Amino acid sequence: MPSVSWITSLECSTSIVQSSDNSASFLQWLEFILLSPCPQRMLYSAFNLIFLCSLIVLALQRLYSKILTNRNSGLSSLNKPLLGADNPGFRIRFWFKVSSSAIALLASSYAVLTILAFAQGVKSQWDLVEILFKLFQTMTNVVILVLFTHEKKIGAVSHPLPLRLYWATNLFLVCLLTAAAITRLVANGENSDPNMKMDDIFCLASFPIYTFLFIVAVKGSSGISPTVEEDLDWNPRPEIDGVDHNVSGYAKASLFSRAVWHWMNPILSKGYKSPLKIEEVPLLPHDHQAEKMAQLFEIYWPKPSENSKNPVRTMLLRCFWKDLAFTGFLAVVRLAVMYVGPVLIQSFITFTSGDRRNLYHGFYLILTLFISKIIEVLSSHQFNFLSQKLGMLIRSTLITGLYKKGLKLSCSSRQAHGVGQIVNYMAVDCQQLSDLVYQLHTLWMMPLQVGVALLLIYVYIGVSVLVSLGAVLGVMFLTLAITRKNNSFQFNVMKNRDKRMKATTELLNNMRVIKFQAWEEHFCEKIQSSRENEYHWLSKFMYTISGNLVLLWSVPILIAALTFGVATLMNVSLDAGTVFTATSVFKILQEPIQSFPQTLISVSQAIISLGRLDGYLMSQELEDKIVERGEGSDGKIAVKVRDGTFAWDDEGDQYVLEDLSFEIKKGELAAIVGTVGSGKSSLLASVLGELRKISGEVRVCGSTAYVAQTSWIQNATIQENILFGSPMDIEKYKNVIKVCSLEKDLDIMEHGDRTEIGERGINLSGGQKQRIQLARAVYQDCDIYLLDDIFSAVDAHTGTEIFKECIRGALKDKTVLLVTHQVDFLHNADLILVLRDGKVVQSGKYEELRQSDLDFSALVAAHETSMELVETNTTFSSVNAKQAPKSNISNQSELNGENISAGQSKSGKDSSKLIADEERETGRVSLNVYKQYCTEAYGWWGIAAVIVTSVLWQLSQMACDYWLAYETSEDRKFIASMFIGVYSGLAVVSCVFVAVRSVFVAFLGLKTAQSFFNQILNSILHAPMSFFDTTPSGRVLSRASSDQVNVDIMIPLFLSITIVMYFSLLGILIITCQYAWPTIFLIIPLIWLNIWYQGYYIATSRELTRLEQITKAPIIHHFSETISGFMTIRCFRKQDKFFQGNIDRVNSNLRMNFHNSASNEWLGFRLEMIGSFVLCIATIFLILLPSTIIRPEYVGLALSYGLPLNSVLYWTVYLGSFLENRMVSVERIKQFINIPSEASWRKSDSPASPDWPIRGEIEIKDLQVRYRQNTPLVLRGISLSINGGEKIGVVGRTGSGKSTLIQVMFRLVEPYAGKIIVDGVDICKLGLHDLRSRFGIIPQEPVLFEGTVRSNIDPLGLYSDDEIWESLERCQLKEVVSAKPDKLDSSVVDSGDNWSVGQRQLLCLGRVMLKHSTILFMDEATASVDSQTDVVIQKIIRQDFSACTIITIAHRIPTVIDCDRVLVIDDGLAKEFGNPSNLLERPTLFGALVQEYANRSSGL
């Protein structure tokens, strides 16, 4: 029986289905069930019955569980709702009302139809089926209406899953009935049965309602929303199993929920209603968390015995091979169904050009197409999601592995890689390996995909396929050649990016010194030089990618022209079916050809990254067995070193300590002394096991604590720094604060020990940092304390207190190894070790060593010489000191860059947070951000040029396809030469347009990226010092690395592709609607759905992307902080605590990444399903409309355009959203471009002459300074006058305002009121560089930059080698430098870590001696050198700068006792200012300080 007969037949008997042929019988049965009205209604009724039964079963199950609960609890719960608990506060929205109205309309309509059917009676089997069908429809809709009422009662925010599944499946059955109804109405016209005709009309009328209910099912929301924020997550069935409820829904989702990303609905709903906060994003499933990945890394890392050449690759394959295999399987499934659509084109054209009476065949084709599309959509999006998830897990594994390695690195390995480069390993290399997973399967899938495509073309065109094969191979070889070039370009881009990041890190870490010296321009040139090299290679890389895109977008049309040309020459018949099948296959070929070179690029980048990671993860580690550790307290020896020889480097024979032998007994105080560079700090490092042991034995009995010479403070509160992960013991804690002289400091800070410390302790004075470090060590209550020059940064009074209360008090029963230059304390030591050139030349007690004429005698003699004047004056001041006014230690904390505001209410919690949370935009990325990016290079003309070339390219492509359809029509005489000539011409025009467009977009992108880079660099360099005090360097570095990479590469590339996708989608819709014209009615709902879905999705996705960026910076910052304090962390055995800190930060970042990937696929799956649905409806119209309306060749054209509709629809929306997410980088960079700037560097109308200052006269008038508005004054009205050439000493308690005075002289902090006049010029009227470059300064913290001795002494290259050698000789470093093989070109590593702190301070002194400034500031310039060297340096300074004005801040009284005048600052005021001798003749604060210094030894 023909298909149309089945559709019009009202027969219910199966006897009409008869056939001897089994296959034919099966087809007839299928036609009968699907097309005949009677079985259709029976099928539909059965479906409704199943749904009703399932609801009854669920209700009974719920009732039974409530009865059980009632029995167990003894409470009545039967009166509670069956499907949930009452939700007290909710709002009924319009969506719920419309949905319930639609159901009510269906229920009432079917009730009327049921009554009418009963009224007519049962005259045949058909009448019975019809009555039952309408009755079941009525019952089902009534039950759903009851369910709606129940939802309203309990306030359910979403419809139950069974109901949504019912509506979704229901649409398929309704489509079947609607298609049959349209066919009957068209085929029978006036001859149809009246009752049947009424049913068909009702079916068509109800179709929009069922479509709307399908949308309700997809959306899931019931239209009921909670009235309070807390109820957003309200769950009518709360869990009581104790499981963490904030774990991602993925963890407990069913197979179906995972397949369609239904588990993402709660977070998307929440994100749509209000911007997501970090705490609202669920945690990762437990098996995806960083802890698990770290365990996998340890388990699967190759053992040393395996001798693996690629350990990272081996480990990753062992961990994740199963996941890789499954994603590979999904790729094969997707490939299998991908070619179904093109193959069906020929069948559709044959059907529409032949006999259309057998509609069954047409619907069979549509059903096949629909099923293949569903499988394709499911497999492709699951492949995407699982690949991204796998990439995320790989990144997690690598970051945790890199961090753990960082805790074990030897010193030379750490210096070899550098912090900046290790940051790039984390930020860039791990990300590249993560991104590779998605593209990895392309390597083996590409040959398979191309092979299948060429086989199909061979079936249709024959041996002409050889031309296609040749063209594909040619393109492959060309792209391989381009990729090889790209590989080298990319390598050079990364290498120069590493250099730029290293220079940027150095700039940020040492910004205070750079501003003091006015070196911003020098460092700008250094960074710009690296950027210019990076930009050179980046340009080549981007233009090469553009060439690749031109080639790949031109491939389908060029291969088609070649293939059709050869086919016409070989007299192959080209009809519409053949031509459009071939063009569809060529378009599919575009994907592997397009992705294959990109995959090769990614693979080559990944190989480079793997090599870099292998190099880092295989770097030399510190050996655990260097030091023999005995944790017990048996025996008398605490530290024993015998015949020890040590080196910092992992290789080579440059020994830093030789023939080292000593023993320190338990409870002893051992002092280690020696001149600068003698190896004192190295000795402590050897005891800690931080040096490479060449020979000998080191034994340590007990736990160790370490206080470094260069303070290491965490970006946390003072309390957290002191506790250092240990539990709080209030009594012990208070005692530690007391013995480390921190009580007064904490009292003057508004939030006390809850005050947050800035990055690298930036908002504390040197003395405060040192004492917090000491408190941290004392609180840990260890057995052995290694203290490295802890008195250098504190004044005499504080130093004495610490020695008495802490070292000889709290630590009196502990073993202490004290490196010091303070000779005063040495007579209290049980053992003194004297070092010279890395050897212990003397050891013993104080009196024993005094009697020898060796090094120790020289040190003591130098100290005594420096004390002569002090002791001379002590006799005058001893009586007066007792009557001296009591110093009121400042109630403002003097800080290096930030003042913790006092005087505000201590209840205010916000102000305690110095480091503000990172600024974060919310809502859509504003159109202004897009405008700023797009118009940055050439304004609106650039945008216009890109859009015009894109439109012309799309039109030329459409013209090619129109020409194919026109030439292959049956009534057109085919002229081969004309056909190929016109087609080839159009193809060439298309290629020209795409080439012009791609190159222009790359050019615009590069110009824009460089403009943004220059702006942010300029903004950072001009930022005031307060910006760096309150902004962690990680925030700036993340913008300089990942955000700049987005602006360099990702945004221009994806902006270009997004524009292409929008025009492609427009082309598809135009051609589809032109020929399947009824589809035009679907365009408005299609556009609405797309806009709604994009808006719904982007609200969450955008915030997740922002949160992902914000949570990425703390990983880098925490790692940088860890690397800086690795010796402290390892000494206290806190590696596990810090590793957990890394784990927490990685988890925080990855949960954003995970849910962002899931939201992408949630959107993609739904959009592609909609696209597939629209395509199938359009195809229904193509087979229903007669050939007089739509010709067969245009069916082929419409299908060849329509087949990719689902993927184009998804990619258009996804790429638009992806681009918006990447645009967040522009937004973030713009935040830092708009930083308020400090004063201009130079002024054209500068009142100072070129040789200013000449005399060096300084006049300060009522100077007041505060760090920020609404904070108290730090300097509270200082007035004084300094004559040219005077030597001024500045003294005062720690935190009195001494360093602030220097900062305001250099205008790192601007005066709040008052004036500073130097040689008659108000310094506030000068440009900052005009001011700072004329002064000399030796800052408190000695800073060296990576490079050479020459580049550190003379960064600007202004002086000759002879002048540099003379400067080195004067600062006592000539012998040390000349002994090195490279002399002035000897290396200085990052932060100068290969030089001792004392040597670093001397190098900083050498810089100033070279500069010969008229005014010189010295801020604790010789705090880290021994007394002997200090005496020599002070003598040289007096000689070299005899005519200069020198202002010296010092804690050592001998350094300032012979100054012309001394300034005593206390409480932000100039309390005393006069000649030292005069001040000592009467009761003064200065006299008290001198007395303390002179008598501190005797009082111990």
Side-chain angles (χ1 to χ4, degrees), residues 511-521 892 894-899 1018-1019 1021-1029 1235-1284 1286 1288 1290 1297-1337 1339 1413-1417 1419 1444-1445 1447 1449 1463 1465 1468-1470 1473:
M511 185 55 87
R512 188 176 302 280
V513 171
I514 290 166
K515 284 192 177 292
F516 270 137
Q517 304 284 3
W519 284 344
E520 291 102 326
E521 287 169 327
Q892 326 295 350
E894 179 265 304
L895 307 168
N896 288 350
E898 186 66 26
N899 187 49
N1018 185 60
S1019 178
L1021 289 170
H1022 282 84
M1025 199 60 224
S1026 57
F1027 169 78
F1028 301 98
D1029 295 339
I1235 301 166
S1237 177
E1238 62 182 353
S1240 59
W1241 286 347
R1242 292 184 180 83
K1243 290 185 178 178
S1244 54
D1245 58 345
S1246 174
S1249 60
D1251 54 353
W1252 176 91
I1254 300 170
R1255 301 182 301 280
E1257 294 173 355
I1258 301 172
E1259 187 177 357
I1260 300 174
K1261 297 180 179 177
D1262 191 28
L1263 179 65
Q1264 297 177 26
V1265 176
R1266 57 165 42 111
Y1267 282 103
R1268 285 178 299 185
Q1269 287 294 328
N1270 305 321
T1271 60
L1273 293 169
V1274 185
L1275 297 181
R1276 303 191 296 146
I1278 291 180
S1279 296
L1280 52 90
S1281 182
I1282 298 169
N1283 301 317
E1286 267 195 306
I1288 305 295
V1290 182
K1298 304 185 297 294
S1299 290
T1300 301
L1301 180 63
I1302 288 187
Q1303 289 188 71
V1304 79
M1305 291 295 296
F1306 282 81
R1307 287 175 61 198
L1308 260 67
V1309 181
E1310 295 285 354
Y1312 175 71
K1315 287 184 179 180
I1316 301 173
I1317 296 170
V1318 176
D1319 278 7
V1321 176
D1322 184 348
I1323 65 168
C1324 290
K1325 293 181 179 177
L1326 296 174
L1328 293 180
H1329 279 194
D1330 292 333
L1331 170 69
R1332 293 168 183 169
S1333 61
R1334 309 295 175 87
F1335 293 169
I1337 182 168
S1413 302
T1414 308
I1415 299 175
L1416 173 63
F1417 296 87
D1419 189 356
C1444 300
T1445 304
I1447 297 173
I1449 292 178
L1463 170 65
I1465 298 181
L1469 296 169
F1473 186 44

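Residues: numbered from 1 along the sequence shown. Everything quoted here is computed from the prediction, not taken from an experiment.
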Which pair of non-hydrogen atoms, one from [X] and one from [Y], has the smallest distance, and what is that distance?
{"X": "His1329", "Y": "Glu521", "result": "ND1-OE1, 3.7 Å"}
{"X": "Ile1260", "Y": "Ile1278", "result": "CG2-O, 3.3 Å"}
{"X": "Trp1252", "Y": "Arg1334", "result": "O-NH1, 2.9 Å"}
{"X": "Ile1337", "Y": "Gln517", "result": "O-NE2, 3.4 Å"}
{"X": "Val1309", "Y": "Arg1266", "result": "CG1-O, 4.0 Å"}
{"X": "Thr1445", "Y": "Arg1255", "result": "OG1-O, 4.0 Å"}

Do [X] and [Y] come close enough that some side-chain heavy atom pair is under 4.5 Å?
{"X": "Ile1258", "Y": "Met1305", "value": "yes"}
{"X": "Leu1301", "Y": "Leu1463", "value": "yes"}
{"X": "Ile1447", "Y": "Val1290", "value": "yes"}

Would you compute the distance between atom [atom1] of [X] and atom [atom2] of [Y] and round it to the nearest 0.5 angstrom?
{"X": "Ile1282", "Y": "Glu1257", "atom1": "CD1", "atom2": "CD", "value": "11.0 Å"}
{"X": "Leu1021", "Y": "Glu1238", "atom1": "CG", "atom2": "CD", "value": "9.5 Å"}
{"X": "Met511", "Y": "Glu520", "atom1": "CE", "atom2": "CD", "value": "6.5 Å"}
{"X": "Ile1415", "Y": "Glu1286", "atom1": "CD1", "atom2": "CD", "value": "12.0 Å"}
{"X": "Leu1416", "Y": "Ile1288", "atom1": "CG", "atom2": "CD1", "value": "12.5 Å"}
{"X": "Asn1018", "Y": "Ser1237", "atom1": "CG", "atom2": "OG", "value": "7.5 Å"}

Look at the side chain of [X] and the backbone N and O of [Y], then say whether any donor-acceptor pair between them is shorter than 3.5 Å.
{"X": "Arg1332", "Y": "Trp1241", "answer": "no"}
{"X": "Thr1414", "Y": "Pro1253", "answer": "yes"}
{"X": "Arg1307", "Y": "Leu1331", "answer": "no"}
{"X": "Ser1279", "Y": "Asp1262", "answer": "yes"}

Given Ile1316, Ile1317, Asp1330, Leu1328, the one that forms side-chain contact (heavy atoms from CB on, under 4.5 Å) with Ile1323
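With Ile1323 as partner, Ile1316, Ile1317, Asp1330, Leu1328 yield a single side-chain contact (heavy atoms from CB on, under 4.5 Å), made by Ile1316.
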
Counting heavy atoms not belonging to Lys1243, are there more than 12 under 6.0 Å from its NZ?
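Check passes, neighbour count above 12.
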
Pairs flagged by ring-ring contact (aromatic ring centres under 6.0 Å, His included) wherever residues 1300-1326 is involved - sequence neighbours left out
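As it turns out, the ring-ring contact (aromatic ring centres under 6.0 Å, His included) pairs with a partner in residues 1300-1326, which skip direct neighbours, are Phe516-Phe1306, Phe1306-Phe1335, Phe1306-Phe1417.
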
